[in-house]
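Heads up: the structure comes next, in structure tokens.
Lettering of chains follows the sequences in order, A, B, ..., and the numbering in each one begins at 1. All figures in this text were calculated on a predicted structure; none of them were measured in a lab. Computed from heavy atoms alone, side chains included, the values below leave out hydrogens, waters and symmetry copies.
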Number of protein chains: 2
Amino acid sequence: MKFEAFKDSVRLSMEDICEEFLARNRDRIKVKKDRVAVKNLAKIFEATLRVSNEKGFASMSLRDLSREAGLSMGALYSYISSKDELLDMVQQQGRSLVFKILGEHIEEIPDPREKLKAGIQTHLYLSEVVQPWFYFSYMETKNLPRGVHRKAIEAELFTEKIFAGIIEEGIGKGLFRKVDPQMTSAALKAMLQDWYLKRWKHERRRLSVEQYAEFVIELMSAYLDAKEEKGG
Amino acid sequence: MKFEAFKDSVRLSMEDICEEFLARNRDRIKVKKDRVAVKNLAKIFEATLRVSNEKGFASMSLRDLSREAGLSMGALYSYISSKDELLDMVQQQGRSLVFKILGEHIEEIPDPREKLKAGIQTHLYLSEVVQPWFYFSYMETKNLPRGVHRKAIEAELFTEKIFAGIIEEGIGKGLFRKVDPQMTSAALKAMLQDWYLKRWKHERRRLSVEQYAEFVIELMSAYLDAKEEKGG
DNA sequence: GTCTATATCTGGATAGAC
DNA sequence: GTCTATCCAGATATAGAC
């Protein structure tokens, strides 16, 4: 699949995402009119991601945020009840997005080789479309309070498990050689994450997400197809 | 090389590192007695890394730090002149450590294959010995002010260049197939970083740094040795 | 050299006018 | 629904005693 086709197929605007978010959290938001709420939530999320990814969530004051979002402090507090809750809101929405899209794009594929390929592409393409969300989730995970941190860790392991499962299936069917599915999946995940964590680097090199996807697929294929014998 | 042997060979205690740091920054530190200064710097660095890696540098108050380091606020300010400077101090020391150790361990090796292997091992082993430093440097890079951020980016590209150079040499000598050295090196770096960024995961899986090093070397070898032909 | 005490400021959160 | 004004906890940084 080409990136442009993917982009069209998911059609994710900030407002779409916020609309879904509002529906899921209608009780927590004081503002009653949906149109108004979605519009301002979009502003708040966008500003949170922009400012946080610049200076870190902890260093972003709510005054910064209210200025950048174009809302007063008072208005801001009609949408969030605390800064911590805002963090949770953004993370939660990012996670459910990944689960949904990744699931949709790979569940129906029977061939492990094709499934792995689709998984890699989907993960990279999605992280390209909503890069600020991915970057934010990764970077702000460590600072999470209480049980929210656990959720984030589960999310990390969730996608890893998906890839490990595909690899395991491929080994079972004799398509891949006998590697450690868990470690292989972990390494793959590291490469997928590198795409959105070091965007400045890849951008500077004029590397497209399609080129990167192809590279990762080739590297993984080389490892999964290699002969068992070892030289050296 | 075995990890234990590496560990002995570098013998890096927090105090050794601080001693070197003090020598390089003698003018910035008000306390005159070297013994006292080194001892307290070690406490400050150790506490900074511990608390920051727990809750993030921005969220660490200097009260937290002074308590954790066992120094009063006043004493603390005899060693640092501001919180920003502390950030710079820790990062700077981490960087110079990496350059030194990585350089020492690979410069004399002529065979690209062996050199790559040694580079991977050294990077992983070092990040294991001084994990808090690596983690801190990675996580707190984005929040840096001014030109300090540039230094951190250069450091990222520096090690990447080392590995790209080795791969390029290997290709030139006909030992590796014709891959993109820069992209390959970037992917390798992502895997090396994963080791210290997701320590919780690897620890939980009882994975040793030697096992991980072997895995990465094998994966890279598979890619670099693979046939050019591709199955569809 | 290190401590306690404190000046000063910043940021999260809220009350109440519009 | 949104704004301004304000409260107050907690932060950085410093002064001056010991």
[X] [atom1] to [N] [atom2], straight-line distance once rounded to whole Å:
X        : N       : atom1 : atom2 : answer
Met73(A) : dC8(D)  : CE    : C1'   : 14 Å
Arg67(B) : dT12(D) : CZ    : P     : 12 Å
Ile80(B) : dT12(D) : CD1   : C1'   : 10 Å
Leu65(B) : dA11(D) : CG    : C1'   : 13 Å
Tyr79(A) : dG1(D)  : OH    : P     : 7 Å
Met60(B) : dA13(D) : CE    : P     : 11 Å
Leu62(A) : dT14(C) : CG    : P     : 11 Å
Glu85(A) : dA13(C) : CD    : P     : 10 Å

Inset, instruction - Drop me the distance from Leu219(A)'s CG to Asp180(B)'s CG, to the nearest 0.5 angstrom. - result: 11.5 Å
Legend entry - Phosphate contact (dT14(D) OP1 or OP2) by Tyr77(B) side-chain N/O below 4.0 Å: no
Is [X] touching bases, backbone alone, or none of the nucleic acid, heavy atoms closer than 4.0 Å?
X        : result
Lys32(A) : sugar-phosphate
Ser81(B) : nothing
Ser61(A) : sugar-phosphate

Side-chain donor-acceptor contacts of residues 132-139 of chain B below 3.5 Å, not counting sequence neighbours, with atom names and distances?
residue, atom, partner, partner atom, Å
Trp133(B), NE1, Val90(B), O, 3.0
Ser137(B), OG, Trp133(B), O, 3.0

Inset, instruction - Please tell me which of Ala58(B) and Ser78(A) maps to the more 5' nucleotide of DNA chain D, matching each residue to the nucleotide holding its nearest heavy atom. - result: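 By nearest-heavy-atom nucleotide position, the 5'-most residue is Ser78(A).
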Inset, instruction - Please answer whether the main-chain N or O of Arg199(B) pairs with a side-chain N or O of Arg204(B) as donor and acceptor at a distance below 3.5 Å. - result: no
Inset, instruction - Locate the shortest heavy-atom distance separating Phe163(B) from Ile120(B); write the atom from each residue and the value. - result: CE2-N, 3.7 Å
Between [options], which nucleotide gets closest to the side-chain atoms of [X]?
X        : options                  : answer
Arg63(B) : dA13(C), dA5(C), dA11(D) : dA11(D)
Lys33(B) : dG1(C), dT2(D), dA5(C)   : dG1(C)
Lys83(A) : dG1(D), dA13(C), dC3(D)  : dA13(C)
Ala75(A) : dC3(D), dA13(C), dA13(D) : dC3(D)

Legend entry - Under-4.0 Å salt bridge between Glu54(A) and Arg50(A):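 Result for this pair is no, no salt bridge flagged.
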Inset, instruction - With DNA chain C as reference, determine whether Lys39(B) or Gly74(A) sits nearer its 5' end, using the nearest nucleotide of each. - result: Lys39(B)
